[in-house]
Amino acid sequence: MVGPNRPLFVLFGSSIVQFSFSNGGWGSILADIYARKNAAVQPSLVIVYFGGNDSVGPHPSGLGPHVPLPEYIENMTRIGNHLKSLSEKTRIIFLSCPPIDEEKSRQIKSQTSGLFSELVRTNESCRRYSEACIELCKEMDLKVIDLWTAIQKRDDWKTACFICQLLLFSDGVHFSSYGSKIVVEEILKVLDEAEWEPSLHWESLPTEFAEY
């Protein structure tokens, strides 16, 4: 590598992470914000998201993405412990399960057939998995973002976030560009407030290749 080492950010999770680089997603927004930012010595940041699929209700066949809450907690704890063991300078942020608009979810299900049309997603289930993630992060001293609450703070979260994402992803689950901006705001807030040395907030990093 030529020049100073850049901080390495790793996004780890399910399809909400996969789609974070599509259509103005939160991954692409972060990549844009951190363009040309570097430091000679910089810790890595790992952002972890699981929960949306795990919180889906169980299917009678035993198939589907459902993961029982105790198993979800165990899995997330193992992920957290593994990441903490990598390095004392590895910074970690967990994202909790975001909410879902049940009405829009039912509309999507009515247009599908097979196993996925029988899967049940509820906002109450999302809340329970979100709270479980937050609690285990407190116990493990990990940074966590309460997406379930952050998204619903907006009065227009159903219309502004989820109608748009129906057009983008046709499922009513993944973030629209509007929802992604909320996620980025919450991530940057953690990075700004965290007492990490050196700081990983983009404004604290020197700019590579000055404007001139």
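Sequence positions, counted from 1, serve as the residue numbers for this chain. Nothing here was measured: the structure is a model prediction, and the numbers come from that model.
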Practice prompt. Kindly determine whether Glu185 and Lys181 satisfy salt bridge (Lys or Arg N to Asp or Glu O under 4.0 Å), including the steps that lead there.
Written response: CA-CA 6 Å; Glu185 288 175 6; Lys181 290 178 181 178; over 6 Å; no
Discussion item. Pair Glu135, Glu139 - check side-chain contact (heavy atoms from CB on, under 4.5 Å), show working.
Written reply: CA-CA 6 Å; Glu135 184 60 31; Glu139 294 175 0; 3.6 Å; yes
Practice prompt. Begin with the C-alpha distance, continue with both residues' side-chain angles, and end with the deciding distance and a verdict on side-chain contact (heavy atoms from CB on, under 4.5 Å) for Val183 and Ile29.
Written response: CA-CA 10 Å; Val183 178; Ile29 295 173; over 6 Å; no
Discussion item. For a side-chain contact (heavy atoms from CB on, under 4.5 Å) check, start with the C-alpha distance between Leu30 and Ile47, then their side-chain angles and the critical distance, and finish with the verdict.
Written reply: CA-CA 12 Å; Leu30 285 175; Ile47 300 176; 4.3 Å; yes
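Side-chain N or O atoms of Ser96 include one that pairs as donor or acceptor with a backbone N or O of Leu147 at under 3.5 Å. Put simply, the side chain of Ser15 never gets that close to the backbone of Gln18: no donor and acceptor are under 3.5 Å apart. In this structure, the side chain of His66 engages the main chain of Val56 through a donor-acceptor pair within 3.5 Å. Remark: the backbone N or O of Gly52 is paired with a side-chain donor or acceptor of Arg121 at under 3.5 angstrom. A donor-acceptor distance shorter than 3.5 angstrom exists from the side chain of Ser180 to the backbone of Trp26, with no hydrogens or angles considered.
Within the 4.5 Å cutoff, the side chain of Ile134 has no heavy atoms near those of the Phe94 side chain. In this structure, the side chains of Met140 and Lys84 come closer than 4.5 Å at one or more pairs of heavy atoms. Between Arg78 and His82, every side-chain heavy-atom pair lies at or beyond the 4.5 Å cut-off. Counting heavy atoms from C-beta outward, Gln152 and Asn123 have side chains that approach closer than 4.5 Å. Counting heavy atoms from C-beta on, the side chains of Val144 and Ile93 never come closer than 4.5 Å. Using a 4.5 Å cut-off on side-chain heavy atoms (C-beta onward), Val67 and Phe50 make no contact. At least one side-chain heavy atom of Ser55 sits less than 4.5 Å from a side-chain heavy atom of Cys97. Lys143 places a side-chain heavy atom less than 4.5 Å from the side chain of Trp196.
Dense packing is recorded around CD of Glu124, with more than 12 heavy atoms of other residues, nucleotides or ligands lying under 6.0 Å away.
Counting all heavy atoms, side chain and backbone alike, Leu83 lies closest to Ile92 at CB-CD1, 3.5 Å. Considering every non-hydrogen atom in both Ser14 and Asn53, the closest pair reads CB-ND2, 3.9 Å. Heavy atoms only, all atoms of each residue included: Asp192 and His201 are closest at CB-CD2, 3.5 Å. Of all heavy-atom pairs between Leu142 and Gly80, the closest is CD1-CA, 4.2 Å. Of all the heavy atoms in Thr77 and Ile73, the pair that sits closest is OG1-O, 2.7 Å. Heavy-atom minimum distance, Arg91 versus Glu197: NH2-O, 3.2 Å.
A salt bridge is defined here as a Lys NZ or Arg NE, NH1 or NH2 lying under 4.0 Å from an Asp or Glu carboxylate O, and Glu186 with Lys189 meets this definition.
In this structure, the separation between OG on Ser20 and CG on Leu95 is 10.0 Å, given to the nearest 0.5 Å. Rounded to the nearest 0.5 Å, atoms CG (Asp54) and CG (Asn75) are 7.5 Å apart.
Checked against a 6.0 Å centroid threshold, the rings of Tyr49 and Phe12 do not count as neighbours.
Aromatic ring orientation, Tyr129 versus Tyr72: tilted (interplanar angle from 30° to 60°).
No single ILVMFWY cluster, assembled from side-chain heavy atoms under 4.5 Å apart, contains both Val190 and Trp148.
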